[in-house]
Amino acid sequence: MSTVTFDYQGAVVIITGGSSGIGRAIAEAYGQAGANVVIASRNEADGDEVAALVNEAGGRAFHHLTDVSDPADVESLVNTTVSEYGRLDIAVNNAGTLPPTADLIDQSIDDWNKAVAVDLSGVFHSLKYEISAMLKTGGGSIVNTSSVAGLIADPGMSPYAASKHGVLGLTKAAALDYAKKNIRVNAIAPGLVQTAMIEDWLNDPEMRETVLGYSPQGRVAEPREIADTVLYLTSDSASFINGTVLAIDGGQTAH
Ligand SMILES: NC(=O)c1ccc[n+]([C@@H]2O[C@H](COP(=O)([O-])OP(=O)(O)OC[C@H]3O[C@@H](n4cnc5c(N)ncnc54)[C@H](O)[C@@H]3O)[C@@H](O)[C@H]2O)c1
């Protein structure tokens with residue numbers, strides 16, 4: 001069976017956490033579709049490498065050093081995007097961090113604050129400045145990366161689950177606030193995806209068996225399987241999909 005291809009020629013796209021894993025696959029996919037991409041991440045070398053990949057794939061790209069937990073960094077990211085490319089059409093708020101697994105009372109206050117700052121406040125900061133820019137040029141489309149942990153909780157993940165559930169609330173609230181302004185805001189909830197974030201789980205044979213046991217399809221996703229869904233959600237093919245979450249989890253949350 002064939003896969004769908006999209007034409008994003010000339011569209012301006014910000015991807016936070018775009019230098020690795022899922023964000024990197026999303027950046028490459030927009031590049032192959034001809035977009036002007038801004039890769040926002042904290043790692044300069046990785047960000048520049050992904051920008052080069054996007055340029056080779058047929059898009060245009062540059063990297064902007066950004067810590068999404070810092071609102072001034074995110075404001076600068078959006079301002080730089082608009083001054084380089086003239087507008088902002090699409091944003092994928094994908095940066096995230098996974099705190100250590102521990103029961104709630106053993107979670108440190110620092111790990112809680114960090115998870116909320118990146119995984120939840122980072123999405124709020126991004127929405128605030130991205131939507132402000134989109135309103136000036138007639139609209140846009142945004143995808144926030146939540147997780148299956150935004151739909152259900154697994155043991156030992158209270159800061160991450162709370163933040164990723166919060167991302168779904170932000171997604172719905174933003175979608176309602178700007179539905180009449182031609183801005184759509186949706187979320188994705190990936191299940192297990194082969195990236196550095198869950199490398200330790202997959203490299204530990206016992207943990208690997210446990211986490212693969214969560215997956216009805218018995219495997220983890222490749223980052224490209226997440227990217228394809230994001231390109232669909234931001235396209236005109238999804239023009240009446242707004243304020244919702246799409247699980248991309250091989251059936252993990254179906255039971
Ligand atoms: N891998 C999975 O199984 C999985 C499952 C569900 C959801 N997710 C979510 O997908 C997103 C991407 O994760 P990934 O799996 O590609 O892992 P990853 O670790 O490769 O990517 C996370 C990216 O976010 C960036 N980041 C972290 N803190 C940041 C900050 N303060 N400012 C800017 N960037 C920051 C990292 O540098 C990295 O580039 C995350 O939001 C994650 O929570 C991942």
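When reading the values below, keep in mind they use all heavy atoms of this one structure, side chains included, and skip hydrogens, waters and symmetry mates. Indexing begins at 1, ligand by ligand and atom by atom, following the structure's order. All figures in this text were calculated on a predicted structure; none of them were measured in a lab.
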Any non-hydrogen atom of [X] lying under 4.0 Å from ligand 1?
{"X": "Gly191", "result": "yes"}
{"X": "Lys164", "result": "yes"}
{"X": "Asp67", "result": "yes"}
{"X": "Asn43", "result": "no"}

Hydrogens and angles aside, do Thr171 and Asn144 bring a side-chain donor and acceptor to less than 3.5 Å of each other?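 Yes.
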With nothing but distance in play, are any N or O atoms of [X] less than 3.5 Å from an N or O of ligand 1?
{"X": "Thr195", "result": "yes"}
{"X": "Ser20", "result": "yes"}
{"X": "Ala196", "result": "no"}
{"X": "Asn94", "result": "yes"}
{"X": "Val68", "result": "yes"}
{"X": "Val193", "result": "yes"}

Of all the atoms in ligand 1, which lie at a distance below 4.0 Å from a heavy atom belonging to [X]?
{"X": "Gly21", "value": "16 (O), 20 (O)"}
{"X": "Gly17", "value": "23 (C), 24 (O), 25 (C), 39 (O)"}
{"X": "Val118", "value": "28 (N), 29 (C), 31 (N)"}
{"X": "Ile198", "value": "3 (O)"}
{"X": "Leu192", "value": "3 (O)"}
{"X": "Ser19", "value": "39 (O)"}

Under 4.0 Å from ligand 1, counting heavy atoms only, is it the side chain of Thr66, its backbone, both or neither? backbone
Does ligand 1 have a heavy atom under 4.0 Å from the side chain of Ser146, from its backbone, from both, or from neither? backbone
Where do Leu231 and Ala33 come nearest, in terms of heavy atoms and distance? CD2-CB, 4.3 Å
Shortest non-hydrogen separation from Val37 to Tyr85 and the atoms involved: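 In terms of heavy atoms, the two residues are closest at O-OH, 3.5 Å.
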What residues form a ring pair (Phe, Tyr, Trp, His ring centres under 6.0 Å) with Tyr8, not counting sequence neighbours?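 Scan of Tyr8 (ring pair (Phe, Tyr, Trp, His ring centres under 6.0 Å), adjacent residues dropped) gives Tyr30.
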Between the candidates Ala95, Ser126, Gly96, Gly122, which shows the shortest non-hydrogen contact distance to atom 27 (C) of ligand 1? Gly96
Between Ser215 (side chain only) and Leu212 (backbone N and O only), is there a donor and an acceptor less than 3.5 Å apart?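 No, because the side chain of Ser215 does not come within donor-acceptor range (under 3.5 Å) of the backbone of Leu212.
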